[in-house]
Amino acid sequence: MLRLHELTMRFGALNAVDGVSLSVGEGERRALIGPNGAGKSTLFAMIAGALRPSGGTIEFDGQDVTGLPEHRRARRGIARTFQHSSLFAGLSCAENVALAVRARRGLGMRAWLGSGRNMDIKREVTGYLDLMELSEERPAGALSHGEARRLEVAMALAQQPRLLLLDEPAAGMSSAESARFAELIQNLDTTLLIVEHDLDVVFAVASHVTVLASGKVIADGSPAEIKASAEVERVYLGTAKEIWC
Amino acid sequence: MLTVEALTSGYGQGQVLHEAAMELPPGKAVAVLGRNGVGKTTFVHTLMGLVKPWSGSIRLGDDELAGLDTRQIARHGVRIVPQGRRVYRSLTVEETLAISSGPGEWTIERVYELFPSLAARRGHRGDQLSGGEQEMLAIGRALLGNPRLLLLDEPSEGLAPLVVEELGRALSSLEGMSIILVEQNLHLAVAVADEVRCMVKGSFVYQATTAEFRRDPAAAKEYLGVGS
Amino acid sequence: ATQSAADDSTIKVGAIVSQTGVYSALGDDMETAMKLYLEGHGNKLGGKQAELIVADDAGNPETGQQKAKQLTLENKVDVITGLIASPVAVAVAKEAGAQKTPVVIANAGADALGGPGVFRVSYTNYMHGYAAGKYAVEAYGKEGAVLMGADYSAGTETLKGFEDGYTKAGGAKPIKQILTPFGKTQNFQPYLSQIPSEAKFLYTFYAGGEAITFAKNFKQFGYDSKIKLLTCQNITDEDVLQAIGADAEGITSVGLYSPALDNPENAAFVSMWKAKTGKNPSVVALQSWDAMQLIDKAAAAGGSLSDALAKVGEIKSPRGTFTLDADKHNPVQNWYARTYEGGVNKVVATIPPDPAS
Amino acid sequence: MSLLVTAFDGIAFGCLLFVLAVGLTMIFGLLDVLNLAHGALYMAGGYLAFLVIGEVPTSLAVFIGVALLAVVAGLVLGGGLSVAIRPLTRRGHLDQALLTMGLAILLSEFLLQVADRGFHSLAAPRGLDGSIAGSYPAYRVAVIVAGLAIAGATFWIFERTRAGALVRAAVDDPEMLAASGVNVRRIRLSVVLAGCALATLAGVLGGPLLNLRAGLDTEVLVLALIVIVVGGLASIRGAALGALLIGQVQTLGVALVPELAAYLLFAVMAAVLLWRPAGLFGRAT
Amino acid sequence: MRGGDARMSRLTRRLAFAAALVLLAAMPYMLDAYRLDLLAGGLAYGLMAASLAFLVGHGGLPSLGHAAFLGVGAYAAGLTAKHVTPNVALQLLVAIAAGVLFALLTGWFAVRTRGFFFLMFTLAIGEIAVQAATRSTRVTGGDNGLADIPPTGLDVVTFYWWALAVVAVGFGVLVLLRDGPLGRSIAGARENEARMAALGYHVTGVRLAAVVIAGAVCAAGGALVEQKDTFVAPTHLEIGVSVLLLIMVLLGGRQTLIGPLIAGVGLIVLRSVTSTALGELWLLVEGALFVICVYLLPNGLLGRRRAQAA
Ligand SMILES: Nc1ncnc2c1ncn2[C@@H]1O[C@H](COP(=O)(O)OP(=O)(O)OP(=O)(O)O)[C@@H](O)[C@H]1O
Ligand SMILES: Nc1ncnc2c1ncn2[C@@H]1O[C@H](COP(=O)(O)OP(=O)(O)OP(=O)(O)O)[C@@H](O)[C@H]1O
Ligand SMILES: CC(C)C[C@H](N)C(=O)O
Ligand SMILES: [Mg+2]
Ligand SMILES: [Mg+2]
């Protein structure tokens with residue numbers, strides 16, 4: 001469903017993403033791991049449409065979307081979370097999620113909605129907030145870090161995307177929350193691309209792992225294959241391997 | 001060395017810390033654990049003066065810190081690695097480190113040794129760094145102050161496992177620096193800290209040495225909600 | 001207005017001037033002159049106790065119009081005067097007309113102003129330029145004129161008047177007209193540099209701050225040695241002369257007044273003004289003085305003030321005697337060519353009124 | 001030939017604009033405080049000189065003395081501004097704008113009360129009041145020299161020294177900077193003082209060029225604002241480039257397309273912003 | 001319980017609004033012609049200030065060129081009166097249409113800039129509009145203004161009621177739009193553009209919608225200003241007027257719409273009173289007022305920072 005071909009992003013002399021080709025099938029749950037600065041977030045930004053690639057193409061659902069603006073991609077069903085929580089700080093948690101719900105339902109530019117529809121939206125919003133254990137009224141700007149991370153995820157889920165890009169969703173979540181979270185996304189039936197340094201989450205969720213280093217794919221395979229790779233151990237896992245594997 | 005007694009604080013009308021208390025011997029590291037939103041960040045921010053204490057006392061050596069402003073607290077030898085990194089976005093790595101360094105054993109070179117990827121990005125501005133690189137910069141910035149007391153608020157967030165490991169080694173090897181380490185990464189917390197505190201609803205409800213904590217899965221289950 | 005006719009013992013004059021804003025320097029002169037007139041005449045106009053109510057237009061027509069409403073509806077003034085900037089005068093004249101209160105314009109020069117209920121003791125921009133045009137033919141020759149001025153109605157109307165006065169007196173069509181953005185020009189060099197080399201002389205219109213900058217630039221960039229200059233009266237008016245300093249020396253302008261005019265009214269006016277302010281009176285001061293004089297005379301005649309204002313006839317002004325024309329109530333007056341020398345605008349020629357303007 | 005003079009004059013004008021605008025860019029671009037009293041400060045410098053030396057030419061020494069006096073006045077006013085603005089540092093530009101607009105009205109109306117509402121001007125000092133070769137005012141050459149010197153000094157301080165990095169850090173995250181033990185207040189104060197002193201200095205420098213009158217504060221403020229947006233708020237370099245560009249627009253530009261002169265200044269600004277929405281040297285945030 | 005409170009206060013708000021409307025409608029029985037005229041002008045400015053608050057406070061788009069919409073509305077209404085029809089309602093519609101058109105035309109470019117740069121860009125639009133109005137002498141009468149607009153034929157009292165009705169409806173429309181989905185989207189674009197795009201919103205479009213709404217309502221206010229005086233000049237479009245509107249917004253509190261409306265009426269009336277009483281010193285007093293207000297009313301007259309519930 002997603003196909004990257006020779007995708008490249010240059011920042012000045014730096015090739016942050018360097019000719020990445022990758023394809024993700026429908027319903028697949030793919031993890032993207034790699035050292036800091038490997039280019040994972042940059043890759044996400046390009047897939048979502050926030051960054052224009054310096055080279056290469058992005059195909060979604062068999063169509064080339066490389067030149068498509070970000071909001072059009074979102075409407076086709078690509079949603080993402082941000083590594084640095086990117087919320088509507090002055091608005092309540094409920095309104096944060098409601099913006100996502102209305103966008104999905106194509107109601108964002110309506111001048112006015114009847115109270116029936118409004119109730120409907122409200123009910124849906126409450127559902128997502130409960131799922132992530134958030135209260136409705138508090139402004140997003142007053143959340144603790146971990147709570148903000150959860151709202152981040154709630155909004156992406158509310159988009160009900162066909163392709164969900166999660167950039168370190170569990171970072172900042174406490175262990176209890178991230179365990180629950182892993183369980184939650186295991187049961188989602190969307191196609192998933194997840195960047196995460198918390199390997200508990202990665203190996204609980206992923207059906208397939210791609211390893212990026214210095215902008216290039218250095219390994220690609222099943223979780224078991226990745227755990228076994230000496231190269232991955234050397235550049236990324238270190239002795240952490242012993243703890244998790 | 002650090003004695004916190006009956007510390008309360010919060011935001012506006014909302015109280016977050018309820019009579020939090022802790023003692024930290026010189027040169028020791030204590031890990032502060034707890035679920036999201038219990039008040040860990042508020043606790044370290046209050047120590048740093050970024051959130052004003054409502055009541056209670058914070059003694060560092062012979063000095064009372066409660067009521068001082070952030071700069072004065074910093075001058076008493078306290079540094080923080082804040083949650084969410086908060087690097088200076090318009091300064092390059094090099095500039096950030098330059099304006100943060102004071103006399104002491106931590107030098108810019110040592111920071112670069114600890115985090116080689118920072119050295120490779122020395123000309124990048126703060127907002128041109130990856131998340132993990134920003135975290136490294138924030139840690140380097142704090143270390144360069146050569147603090148007596150170092151407050152780390154989830155420093156492992158966003159760092160690759162290999163780097164977390166290095167960080168753990170580095171923190172363990174710091175001589176004479178007292179450390180308060182807020183962490184979600186239990187492996188790191190346990191590797192670095194001498195003692196463990198768990199926070200629930202703004203107070204510390206559990207205190208143990210790291211060795212005791214390792215042998216006490218019930219505590220982890222009760223206060224942190226982790227199953228294993 | 002009609003209501004106040006009941007109260008015969010006092011006459012209320014509403015003066016709409018700029019107490020704040022870019023024209024407030026002129027507003028100060030206006031207020032001072034009007035008060036000076038009243039002081040000198042026992043606080044009476046036409047034998048009645050006079051009350052002067054000054055209102056600030058802040059240079060803005062909307063505010064001016066609002067003040068006109070206030071003066072007519074609340075204060076029930078018998079006449080409105082003052083009025084520095086033309087847009088304010090246009091708006092105020094409109095409002096006063098609706099309230100049937102006569103207006104005596106003490107400065108604004110817009111050509112369109114004047115008519116029933118609206119009287120003007122200053123000038124029209126067109127006349128101002130026209131007189132200069134006529135003079136230029138004699139003194140500067142019949143060809144090679146270049147016009148330069150601020151690009152707003154006062155500027156373009158004055159320049160148009162000049163062109164007509166000049167060509168009707170036998171001059172050739174000016175070879176170039178240079179317009180500079182009004183109120184935004186801090187530097188005239190780029191415009192001065194556009195003067196064609198075949199030009200014989202330059203006629204300009206600038207007032208206030210722009211007059212200072214223009215005069216200084218003209219001299220300091222050496223144009224005084226390249227081309228002859230004739231200006232409107234505002235460039236060497238008393239309110240800017242001090243600021244221009246030595247660079248004003250030798251500038252010839254055409255205006256309706258000079259403190260150096262030799263007549264008894266002027267002698268009295270200048271000495272009174274000097275005693276009050278220590279300076280020579282500006283044109284605006286003179287016009288404001290005459291506005292009061294006109295009202296004084298009309299009030300003395302009795303009856304409806306509007307009608308009386310139209311019938312005042314000759315006014316003995318420090319500028320010399322003048323009358324208002326019957327149709328638009330604009331002044332029919334002499335103009336003077338003045339050269340600034342040794343601290344005063346010396347009158348070098350008198351240009352009689354021209355019925356064609 | 002005359003276009004060359006015009007272009008040269010554009011440099012002189014640009015140098016004055018730089019001295020006028022650089023203080024604004026420091027306080028706004030570097031400190032994130034929108035100081036709409038900047039024009040009134042310029043005016044204060046000019047009126048102070050007018051009140052002390054009047055409108056007749058003085059010796060160069062006296063003129064420089066008065067300029068220094070204006071700098072002192074700028075420091076004093078800057079101290080006041082810094083006290084006034086302190087409670088608003090985190091309240092956003094619009095609140096700062098309202099406050100500084102109020103202060104600007106108070107200051108400029110006060111000046112007009114003390115002097116008078118008339119039109120005034122400063123004379124260039126003796127020795128510089130003549131023209132070079134009878135066709136270019138000597139004083140404008142002096143303005144170029146002064147402008148370049150000030151540009152060099154501010155550039156060096158803000159972009160090449162530790163002090164400059166500290167200032168930028170104080171904008172990015174003052175709390176974290178304080179948590180490194182730095183006295184953020186003192187940094188902010190120095191920047192405000194320097195910015196204000198440059199404004200009053202510009203008032204003296206520009207006195208012989210722009211004259212003094214009611215409404216001057218707004219006029220120069222708008223010019224300064226245009227300079228800093230065109231250059232981008234990021235840097236001294238931006239202010240310098242913006243000033244030189246606007247200087248040329250106002251001279252060479254209006255000479256080349258006089259028909260568009262009335263639109264040119266604002267049209268150029270709009271065009272620059274369409275091309276680079278954060279100014280020439282600015283970066284989007 | 002919280003929800004109950006919110007509903008209660010909403011009800012009180014509506015009651016207060018209705019009461020104020022009744023009181024205002026009764027003003028012709030209490031005020032003389034001049035004061036009524038002044039109040040009508042104040043209401044028109046209040047509506048324009050509210051429209052600017054929609055843009056600045058709600059949309060996060062600080063405009064310094066809002067007077068251009070006033071001017072567009074005023075000229076459109078004035079020219080319609082002069083050349084087409086004496087019907088004030090038709091003039092108003094034409095003014096609103098002109099406001100929308102002008103908003104689309106200029107907003108299209110303006111919304112590509114942000115924050116302070118938006119402020120300066122709109123300043124440029126405003127200045128260019130002033131120049132255009134000044135220079136189209138044949139149509140606009142140039143800098144001396146469009147003086148020959150025929151009278152509306154309404155007496156002071158009738159005109160006041162007309163103005164009050166327009167202001168009430170215009171303000172109601174602003175409030176409804178703010179609280180509807182589009183209004184929420186505009187708030188979202190103010191808070192976080194990157195996220196809005198990621199959610200599938202066309203951020204530029206949302207921002208443009210904010211400009212159009214504010215522009216249309218402001219143009220309606222401009223039409224009232226023209227109809228009141230049957231006069232309009234380029235000075236109506238000047239920076240000074242834009243600044244005045246912005247000050248009304250800040251004094252009233254930019255988080256609300258009603259605050260700027262009240263501040264608009266208040267400032268117009270206050271200016272008239274102080275300048276009558278104090279002469280040239282009124283400006284000093286106004287400057288002092290701004291300074292005092294910044295300190296004493298950190299969020300403006302009626303501004304409370306409140307989060308919006310879904
Ligand atoms: N705007 C930018 N300008 C210049 N360099 C950039 C920019 N954004 C990112 N980079 C650089 O590109 C590289 C890749 O960054 P990216 O954020 O994609 O890394 P990442 O794999 O997500 O790392 P992490 O795990 O630390 O989040 C980094 O070295 C970073 O410094
Ligand atoms: N700026 C703020 N204003 C109001 N409330 C706040 C603010 N910051 C935090 N809070 C609230 O205070 C409580 C404690 O927050 P704090 O950030 O200290 O939690 P934490 O333990 O650090 O959580 P996390 O693990 O998510 O980082 C939370 O309920 C949070 O919502
Ligand atoms: C102040 C003057 C220059 C005003 C000008 N006479 C006008 O008619 O607007
Ligand atoms: Mg990343
Ligand atoms: Mg925290």
Side-chain angles (χ1 to χ4, degrees), chain A residues 11-14 16 33-42 82-85 132-135 138 141-150 167-168 170-180 195-200 202 211 213-214 232-244, chain B residues 11-12 14 16 33-42 82-86 115 117-118 120-121 123-125 127-136 153-154 156-166 168-169 182-191 220-221 223-228:
Chain A
F11 295 116
L14 176 77
I33 62 175
N36 296 122
K40 306 179 293 294
S41 298
T42 306
F82 290 70
Q83 182 173 6
H84 309 257
S85 297
M132 295 269 86
E133 296 186 73
L134 291 162
S135 69
R138 294 175 54 207
L143 295 180
S144 86
H145 183 73
E147 292 161 337
R149 301 297 302 145
R150 297 198 317 246
D167 196 351
E168 301 196 30
M173 285 191 199
S174 57
S175 326
E177 270 84 10
S178 56
R180 257 183 25 80
V195 170
E196 188 53 71
H197 291 300
D198 181 338
L199 298 176
D200 283 335
V202 170
V211 186
S214 303
V232 175
E233 176 176 342
R234 192 178 61 75
V235 303
Y236 182 65
L237 290 175
T239 55
K241 194 172 171 231
E242 280 137 44
I243 302 173
W244 276 283
Chain B
Y11 308 90
V16 174
L33 308 176
R35 301 180 67 154
N36 290 143
V38 295
K40 306 180 294 296
T41 296
T42 308
Q83 191 162 27
R85 310 165 189 117
R86 295 176 68 169
F115 302 121
S117 35
L118 273 190
R121 302 270 181 278
H124 281 222
R125 285 194 323 252
D127 60 359
Q128 295 173 325
L129 297 174
S130 82
E133 290 160 352
Q134 289 184 342
E135 193 67 60
M136 300 174 204
D153 197 352
E154 305 195 21
S156 74
E157 185 184 328
L159 293 182
L162 196 61
V163 183
V164 174
E165 205 182 303
E166 292 223 357
R169 263 199 298 277
V182 177
E183 253 311 333
Q184 301 293 1
N185 184 334
L186 288 186
H187 306 291
L188 178 65
V190 168
K221 174 131 186 96
Y223 303 120
L224 310 178
V226 267
S228 57

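These numbers come from the heavy atoms of this one structure, side chains and all, not from hydrogens, waters or symmetry mates. In what follows, chains are A, B, ... by sequence order, proteins preceding strands, each numbered from 1.
- Listed by chain and residue number, A/P35, A/I218 satisfy the side chain to side chain contact (heavy atoms under 4.5 Å, CB included) test with A/A213 (two or more places apart in sequence, or in another chain).
- Of the two parts of A/V195, neither the backbone nor the side chain holds a non-hydrogen atom closer than 4.5 Å to a non-hydrogen atom of chain B.
- Here A/E168 contributes atom CD and B/L159 contributes atom CG; the two are 9.0 Å apart, rounded to the nearest 0.5 Å.
- Rounding to the nearest 0.5 Å gives a distance of 5.0 Å between CG of A/L14 and NE2 of B/H124.
- Residue contact with chain B, scored on non-hydrogen atoms closer than 4.5 Å, involves the backbone of A/R234 exclusively.
- Evaluation of the salt bridge (Lys or Arg N to Asp or Glu O under 4.0 Å) rule for B/E183 yields no partner, not counting sequence neighbours.
- At least one side-chain heavy atom of B/N36 sits less than 4.5 Å from a side-chain heavy atom of A/M173.
- Contact annotation for A/S175: both backbone and side-chain heavy atoms come within less than 4.5 Å of a heavy atom of chain B.
- Separating the NE2 atom in B/H187 from the CG atom in A/L199 is a distance of 9.0 Å, to the nearest 0.5 Å.
- Residues A/N36 and B/S130 are in side-chain contact: their nearest non-hydrogen atoms beyond the backbone lie under 4.5 Å apart.
- Contacts with chain B were tallied for A/G12, A/A16, A/G37; A/G37 has the most, counting heavy-atom pairs under 4.5 Å.
- Considering every non-hydrogen atom in both A/G172 and B/Q184, the closest pair reads O-NE2, 4.0 Å.
- Using a 4.5 Å cut-off between heavy atoms, A/A179 does not touch chain B at all.
- For B/Q134, the part sitting under 4.5 Å from any heavy atom of chain A is the side chain, from C-beta outward, and nothing else.
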